[in-house]
Every structure is written in C-alpha cells, then in structure tokens.
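The structure appears below as structure tokens.
Reminder, nothing fancy here: chain letters follow the sequence lines and each chain counts from 1. From a predicted model like this one, the values you see are computed outputs, not experimental measurements.
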There are 2 protein chains.
Amino acid sequence: MCCKTYNEKRKQQLNRVLEIYSYQLKICIFDKNIYRIIFIVKKNTKCPLKKSLRRILLYRGSLLRLQALGVKSVYSYTLGKETGVSAEQVRKDFSEYQIKGNQRGGYYVEELINEMGRIFFQGGNKNIIVVGRGNIGSSLTNYDKFVQRQINIVASFDIDPSKQRSRSEIPVYGMERLGEIIKRFTVRAAIIAVPEMAAQLVCDQLVGFGIEGIINFAPVILKVPDDIIVNNVNLSDEIESVIYCVTRETENERH
Amino acid sequence: MCCKTYNEKRKQQLNRVLEIYSYQLKICIFDKNIYRIIFIVKKNTKCPLKKSLRRILLYRGSLLRLQALGVKSVYSYTLGKETGVSAEQVRKDFSEYQIKGNQRGGYYVEELINEMGRIFFQGGNKNIIVVGRGNIGSSLTNYDKFVQRQINIVASFDIDPSKQRSRSEIPVYGMERLGEIIKRFTVRAAIIAVPEMAAQLVCDQLVGFGIEGIINFAPVILKVPDDIIVNNVNLSDEIESVIYCVTRETENERH
DNA sequence: CATTTTATGTGAAAAATATAACTATAAAAA
DNA sequence: TTTTTATAGTTATATTTTTCACATAAAATG
C-alpha cells in the first residue's frame, strides 16, 4: 500500500524546496490526499570536545577575568565555585593535563593561564570570519569580549550590498570575496549567522574554500564532510531548557 | 610570613572593585610590593538538564522544521543523522520518555512533537524578558526563530534612557519597571545580556522579583540562591572550542 | 500464507564522567 | 625543630551515558 505509488510531481516540488537542506526524500501515498513524507539525510559531524577540555576553557575564561582584576592565585575549590564545578573535579582536570599547583598555596593564575594556552592553541592564529550581518552576525562582530580571548574577527560577509562596508574596522564584504579573504588571513574557522534557508549554501562555500571549523548559529544541522568540525549554538534550545527546568520545579512540588 | 600582615587599605580598595562579583577576598603580602590575592566565592548553581532531555529539545527543534516542510514521518536513524545523534540513542531517548513509534513505519512527526510538548511545558506560558539592549540583547529581541518555538519575549529593559521605547512591538523599559512587568506577565525566566560589570547586580534584582531561571550571556558566573537555575551561554567558549579542534587536528597530523 | 525485510524497543556491556576517600606535602604555627 | 593544618594530587568507587546486540513486530514480497 504505502510506498508503492509515488506522486512524482509532488515529489519534485518538495525536493526542490528541500534541496537547500540536502535532504533526500521518500514520499508515500496513503490514500488520495494524505501524503506520508519520510526524509533521509546525509551524515553530520559535531564538535566533540571532551568535557574536561571544555571545562579547561571555562576555567581559562574565569582566570583571565580574575587576572585583569589583579588576582594572583586561586585554590581548587575557589576556582571550582567560580565556575560551578567541584574542587575535586578542578584538581582532576588539572591532573589530566599535567597542570601543577603548590601543595599548600593553590595555583598561580598566571601559570594556569600559560599552561592552558599551551594546551589549547600552541601559538596558532585565532583569525575567524563571520558570514551574515543580520542580528546575530552583527552583534558577534561588535562583541568586545573576543579581544580578551584573542579571538580575532578579520572580516564579515553579507549578500546584501547595502550592508557591505569595506572601510569599517571589521569590514563587511560581499560573498564574492570569501575565498580571497580566507586565503589572505589563513582563516580556518568561520561563524555562520545567516538565515536558516541560506545556511547550508554558505556552509558548502566555506568548506569549498578550505574552512575546517564552523560555529553555526542557524537552527539547521549542517551537512558537512567528516573532517569538518561543526559546533551548533542553538539559542532557542538554551532558553527552552531553562524554561523547562523552571516549569519542572513546580510540577515536582505538586506531586 | 604570608597572611600575617594585611594591607587593609589595598584590601578595601579591591573589595570595592570586586563587590559587584560578590567575591570575598583574602590578601596576603609577600614583601613590600608583591601582593598575593586569593579569592573565595559564594556558591553557584547551574542548569543541570539531563543529556537525554537536552537531546529531546534538539529533536523537537528539528521536527518542527521538518513539519513546516511537510514531512510526516521519520525513522530513528534519519532523525539521528539530522541531529548528529546515533539511531540507537534516539530510540533509547524515546524509550526513556515512553515515546512510541510504529514497529516498521518510523515515528509520526506530529505525534513526536505532541509527546515532546507533553514532556516539556505542560501548557505553561513561555513568557520571558530580556535585560540589556546592547548588541546581544537586541539581536535576541529581534530573533524571529523564537516564534516557532513559542518563546514569547514580553519586554526588554535597559538603564540607558535613550534606548527606552515603550511603544515598540517589544517594548524597552527602564529598570524601574522590572518588577511590575514580571508580575503582570507572570514571567519566570529572564535573559541577562548586560555587560559583565552589571550582570550580578541585574541578577540580584531579577531574583528579588521572583525570577526562577536565568539565561546568562555575560561572561561571569552568577552567584544565585540554590533554587535558581542559571544557564550560562559563553560565546567565546563556543568559538574557542572550534578553534581548538581545528588546531588539534593539525597537531595530530604532525605526530 | 509463509518468508523476508526493515524498523522499533530494550536489556546488558562498555565507556565516559563525576564523586568520594585517601595520601602526600609544603607552609604556618607552636 | 616539631607539630599542625590546609591544600594539591591520586586512587578507588559510583553514577551516568553510550554503544552493542538481539528480540520483536509490522510491512512487503512472492
């Protein structure tokens, strides 16, 4: 019954719509009017950063702030409280990456930051680009916190010519200059902040120009080759999870 | 030697600076000039959403998009590929929350979405507010993807009077109206998108007005009572983790 | 109508992660 | 100098999460 007859016209129609997502479709007819559409997608890769490493990044952020305030040293339990991690965990993490402290004097902030720098970026550049100068793209481009972390946005891109400005501090180029800029600044990671519909297209272009890592703010899962790293930041999810926690608390009280 | 003599003046000075973070300080003198500053912080709580639940949220986002495209049903492995999760995991997650499929026909998108709605928000409102109309605050306020997820931003706030606009679609009020609005719309969750320095202050106000959940975009860990849920979204971390993955790949190749 | 195919559903094993308990040690105090 | 104490460092244990393997059921096939 199902999957025997294909409505080719409808299928083509839908495939066109879905092409931008690289979906493959399988369309089935139940009766005259009800279509059953099943979709099959290509492989997707994530950014599988180990939890302990993720936390090192978190510690580092805290430490940089503390250093700016003149703090010279921390204890495992203070850094833990600061980052919402247990003291044991902090020590465990440090132990995993051979970060040493002083038996009774805690850890020196500067040493920690240096050690973490060693773990992370072994001196490589941190040049990135932002594609899409809408809401989120623009706010990221102007986000001043990246400076402290030495994240360097070298350029941004948008298809809309009215948004393009090659003379501003962080220039906004048209998409045609993507390859050139990536090459010139040896950019390896890019932020996608374009609308859902354009995200896959932009992603394909970026990959084509040799980008190896993508931070994706569009609420679509991108289809990329196995060796490309994608980190999806889904703001709706972040908010909904809090709303869920809050509602759940009340639910529990009722029982 | 250390921790015997306290330089009270310096301590007071620093305590004032650090007050906004609710840090407690312990200052030690090594010799005439070198201060050793150790800091001790108050307790911090996170948003500890179970991984499987986090994924349900992820599936839900995908499914809503697919539904909008007319997709009627999915298989565990297709939904898995779509969200970057293994098929077994998808089924396991569904099994954990008693979500049933059809032994050979996959899962119906609509049913899945309904089931997930049941798990999550049991009909409660999803009203939230945004504090801070800088870069990120404004882009969140204008972020159109929240509509699909029924997240409803009822108002935003800023101390800067020039940003205040009570007539626009999503009004921008001054901080003095915070309590009133929270009460009127029975808001339970709020987004903090103010600068680092103001974040703790704003947080304390929100908590004072009965807010139970916070999505914090400021790169500080907020000090809150135990029962308040905080979800920290650190954009620098998200980007750095990708840069790290990319650089690591090259490092590995060298060995 | 028996057989094959292709999914789901789930229990057990494995891996990853977190917590707790303990030991060693350097600084401070006596 | 000796004792005490606070904190790093490490090992053991517990918990969570993921993967694997297979039973089971519906649909398709011939």
**Study point:** Residues that K145(A) engages under salt bridge (Lys or Arg N to Asp or Glu O under 4.0 Å), provided they are two or more places apart
**Key:** E196(B)

Practice item. Using a heavy-atom cut-off of under 4.0 Å over every strand shown, decide if R55(B) touches base, sugar-phosphate, or nothing. Key: sugar-phosphate

Practice item. Grab the two heavy atoms, one from I229(A) and one from C245(B), that are nearest each other, plus how far apart they are. Key: CD1-CB, 3.3 Å

**Study point:** Interatomic distance where CD belongs to E88(B) and P belongs to dG9(C) [whole Å]
**Key:** 14 Å

Check your understanding: Using a cut-off of less than 4.0 Å, is there contact between a side-chain N or O of S76(B) and OP1 or OP2 of dT8(C)?
Key -> yes

Review point. With respect to the side chain of Q103(B), which nucleotide from dA25(D), dT7(D), dT17(D) is positioned closest?
Key: dA25(D)

Practice item. In whole angstrom, give the distance that lies between atom OH of Y75(B) and atom P of dT5(C). Key: 16 Å

Practice item. Could I get the full list of side chain to side chain donor-acceptor pair (under 3.5 Å) partners for Y59(B), not counting sequence neighbours? Key: D93(B)

Practice item. Could you tell me whether the phosphate oxygens of dG9(C), OP1 or OP2, come under 4.0 Å of any side-chain nitrogen or oxygen in Y107(B)? Key: yes

Review point. Who are the side-chain contact (heavy atoms from CB on, under 4.5 Å) partners of E111(B), not counting sequence neighbours?
Key: Y108(B)

Study note, to complete from the structure: Sorted by chain and residue number, the side-chain contact (heavy atoms from CB on, under 4.5 Å) partners of K100(A) (sequence neighbours excluded) come out as none

Exercise for review: Mind calculating the distance between OH (Y108(A)) and P (dA8(D)) to the nearest angstrom?
Suggested key: 12 Å

Exercise for review: Could you list the residues that satisfy side chain to side chain donor-acceptor pair (under 3.5 Å) with S62(A), not counting sequence neighbours?
Suggested key: R65(A)

Point to revise | Which residues share a side chain to side chain donor-acceptor pair (under 3.5 Å) with E96(A), sequence neighbours left out | key: K50(A), S52(A)

**Study point:** Minimum-distance nucleotide (side-chain atoms of R104(B) versus dC20(D), dA18(C), dA7(C))
**Key:** dA7(C)

Check your understanding: Is there side-chain contact between I214(B) and C203(B), with at least one heavy-atom pair below 4.5 Å?
Key -> yes

**Study point:** side-chain contact (heavy atoms from CB on, under 4.5 Å) partners for Q67(B), two or more places apart
**Key:** L64(B), V109(B), E110(B), I113(B)

Check your understanding: Which parts of residues 91-98 of chain A get close to DNA chain D, meaning a heavy atom less than 4.0 angstrom away?
Key -> R91(A), K92(A), S95(A)

Under 3.5 Å, N/O pairs linking protein and nucleotides 1-3 of chain C:
none

Practice item. Look at Q89(A) and dA18(C) and indicate whether a side-chain polar atom (N or O) is within less than 4.0 Å of OP1 or OP2. Key: yes

